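Below is one structure; the comments refer to it alone.
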Amino acid sequence: MSVIRALHTQLVRRERSAEEITREYLVRLSQLEPQLKSFLTVTEELAQQQARAVDERIRSGEAVGPLAGIPIAIKDNLCTRGIPTTCASKILQGFIPPYESTVTARLAAAGMVMVGKTNLDEFAMGSSTENSAFQVTANPWDLTRVPGGSSGGSAAAVAADQAVVALGSDTGGSIRQPAAFCGVVGLKPTYGLVSRYGLVAFASSLDQVGPFGRTVEDVALLLQGIAGHDPMDSTSLRVPIPDYSQALIPEVKGLKIGVIRELLGEGCGEETRAAVQAAIEHLQALGAEILEIDCPSFRYGLATYYIIAPSEASANLARYDGVKYGLREAADSLLSMYGKTRSRGFGPEVKRRIMIGTYALSSGYYDAYYLKAQKVRTLIKQDFLNAFEKVDVLVSPTTPTPAFRVGEREDPLSMYLCDLMTIPVNLAGLPGLSLPCGFADGLPIGLQIIGNALQEPKVLQVAYAYEQSTDWHKQRPPLLGSTTQPSSPPETEGKSGKSKSAKPRKKGQSN
Ligand code: GLN
């Protein structure tokens with residue numbers, strides 16, 4: 001059972017109150033925070049208030065939905081009215097949004113309890129959360145390693161039970177890659193399925209908000225809470241939203257699963273390849289038909305992304321000029337105020353992206369870089385469309401390697417390589433999910449499952465079938481042993497990831 005379902009059952013049976021559950025999570029959050037640094041803001045008072053409101057509703061006999069009273073962490077690039085939203089950038093320090101993002105508004109209306117805003121790479125640019133202007137978040141499985149990024153705070157918070165679930169954003173991999181590094185489930189929805197209103201824009205044609213959870217069902221339940229048309233976002237799709245829980249059938253018989261050849265070859269680490277190959281064999285044993293699929297244009301994915309994303313970022317970040325938001329540096333003219341504010345307020349990676357993007361969009365180079373990149377983007381999308389004529393979902397590793405050490409990837413290019421396997425999915429606007437499929441030296445490895453547009457149900461089904469017949473998701477980071485153990489979630493076993501015991505169960509073997 002998912003953590004949300006377990007807690008919901010306790011709530012409606014009145015075995016525990018939302019206030020008690022919230023307190024439990026807040027206590028663990030603060031116990032672990034000195035080591036993990038997942039949060040930029042902890043909203044303790046608000047959480048208690050929201051929890052009390054849910055208890056009130058339950059006491060008065062009102063039927064509450066599954067998300068009511070569930071503690072959630074929110075990536076700090078989603079605007080929350082009256083609560084600082086920094087994007088982990090000095091340029092937004094002191095900015096307090098006068099409005100609420102659609103996703104957080106929907107979750108609050110569903111009764112969710114926000115425990116805080118999580119750390120990220122500045123403006124979501126990065127793959128390790130080391131680009132935060134304020135702090136480096138640690139990986140709960142090994143504190144000397146990064147949690148991935150850019151939604152590293154959200155992934156670490158869920159892995160360490162500082163929150164039940166979390167929201168992140170994914171422009172090139174920022175939900176799936178940290179989910180893989182932290183051993184949790186993360187989903188990037190189809191572009192346009194979830195509103196971007198109130199998500200601080202990085203690269204608008206790629207950004208999507210999505211859920212993190214410890215189980216596939218938790219992710220499906222949270223997706224249900226955020227998916228759906230929003231008139232405030234012009235790219236929001238007008239499509240019926242299915243009941244994602246109905247997709248959770250532990251069955252892959254008759255499904256065709258494509259293995260992307262290009263993503264299991266060069267550039268993929270040995271341990272990762274072995275774990276993903278074992279996962280593929282497992283899915284085959286469960287009855288899926290496995291096909292090898294060629295996506296020849298994927299080799300241009302990184303290059304294409306690193307033209308398009310910085311181009312859009314350079315336009316989106318022009319608004320931080322010292323006039324409208326946060327930081328303002330004193331200067332003797334307007335122009336030098338702009339310059340000084342931006343030079344002090346932005347960190348090195350953000351400046352690098354603004355420079356690259358401005359160059360790629362400049363009149364002399366537009367055709368050679370930006371326009372060319374858009375054409376290659378179409379080729380990548382075509383590779384996916386061809387694949388989905390033959391298969392239901394595609395699989396690959398989520399990342400080339402497990403989590404690396406803090407400080408290990410100083411060269412920006414080596415950092416960019418982290419997203420080799422996730423970026424094509426954003427370029428094509430498709431749904432992609434990462435879930436745990438093994439360990440190497442105590443560090444989690446992620447399996448990526450990709451669907452055609454709006455095929456979230458199929459992606460969730462394959463993920464669920466895999467999860468329900470394996471034990472990887474039951475492994476917990478060793479550091480949890482030293483904290484208040486969650487009294488509720490049934491899957492908590494306090495096992496160390498270093499144990500070799502969590503082999504996938506074979507077909508037909510019982511629980
Ligand atoms: N790591 C990629 C980047 O730095 C993707 C980030 C993201 O998805 N927000 O751009």
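If you're wondering where the values come from, they're calculated on a predicted model, not measured in any experiment. Residue numbers start at 1 and run along the sequence shown. In each ligand, atom 1 is the first atom listed, and ligand 1 is the first ligand listed.
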Just which atoms of ligand 1 are under 4.0 Å from any heavy atom in [X]?
X      : value
Ser150 : 9 (N)
Ser127 : 1 (N)
Met125 : 4 (O)

Protein heavy atom at shortest distance from [atom]:
atom                   : result
atom 3 (C) of ligand 1 : Tyr306 OH, 3.3 Å
atom 7 (C) of ligand 1 : Ser174 OG, 2.4 Å
atom 5 (C) of ligand 1 : Tyr305 OH, 3.3 Å
atom 2 (C) of ligand 1 : Asp419 OD2, 3.1 Å

**Study point:** Cation-aromatic face contact Arg342/Phe346, 6.0 Å, 45 degrees
**Key:**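 No cation-pi geometry.
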
Exercise for review: Give a yes/no verdict on a cation-pi contact between Arg145 and Phe181, requiring under 6.0 Å between NZ or CZ and the six-membered ring centre and an angle within 45° of the axis.
Suggested key: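 The answer is no, since Arg145 fails at least one limit relative to Phe181.
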
Review point. N/O to N/O below 3.5 Å, does that happen between Gly126 and ligand 1?
Key: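 Checking ligand 1 against Gly126, an N or O pair does fall under 3.5 Å apart.
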
Review point. Should Gly172 be counted as touching ligand 1, given the test is an N or O pair under 3.5 Å?
Key: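 Yes, there is a polar N/O contact under 3.5 Å.
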
Practice item. Could you tell me how the ring of Tyr416 sits relative to the ring of Tyr306: parallel (under 30°), tilted (30 to 60°) or perpendicular (over 60°)? Key: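 Judged by the thresholds at 30° and 60°, the geometry between Tyr416 and Tyr306 is parallel.
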
Review point. How are the rings of Tyr359 and Tyr365 set relative to one another: parallel (under 30°), tilted (30 to 60°) or perpendicular (over 60°)?
Key: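 Rings of Tyr359 and Tyr365: parallel, under 30°.
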
**Study point:** Charged N-O contact under 4.0 Å between Asp230 and Arg196
**Key:**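 Salt bridge between Asp230 and Arg196, a charged N being under 4.0 Å from a carboxylate O: no.
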
Review point. Can you find a non-hydrogen atom of Arg353 under 4.0 Å from ligand 1?
Key: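 Under 4.0 Å: yes for Arg353.
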
Review point. Is there a heavy atom in Ala309 that sits closer than 4.0 Å to ligand 1?
Key: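 In this structure, Ala309 fails to qualify as a contact of ligand 1 - no heavy atom is under 4.0 Å.
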
Check your understanding: Does the ring centre of Tyr300 sit less than 6.0 Å away from the ring centre of Tyr305?
Key ->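 No, ring centres 6.0 Å or more apart.
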
Check your understanding: Would the Phe123 and Phe202 ring centres measure less than 6.0 Å apart?
Key ->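 Between Phe123 and Phe202, the centre distance exceeds or equals 6.0 Å.
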
Check your understanding: Which residues pass the side-chain hydrogen bond (donor to acceptor under 3.5 Å, both in side chains) test with Ser314, sequence neighbours left out?
Key ->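 Residues passing side-chain hydrogen bond (donor to acceptor under 3.5 Å, both in side chains) with Ser314: none at all.
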
Exercise for review: Go through the structure and list residues passing side-chain hydrogen bond (donor to acceptor under 3.5 Å, both in side chains) with Tyr370, not counting sequence neighbours.
Suggested key: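 With sequence neighbours excluded, Tyr370 shows a side-chain hydrogen bond (donor to acceptor under 3.5 Å, both in side chains) to Gln374, given in chain and number order.
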
Check your understanding: Which is it for Phe202 and ligand 1 at heavy atoms under 4.0 Å: side chain, backbone, both or neither?
Key ->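 The answer is the side chain.
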
Check your understanding: Hey, is Ala124 touching ligand 1 through its side chain, its backbone, both or neither, going by heavy atoms under 4.0 Å?
Key ->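 It is both parts that get close, each with some atom under 4.0 Å.
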
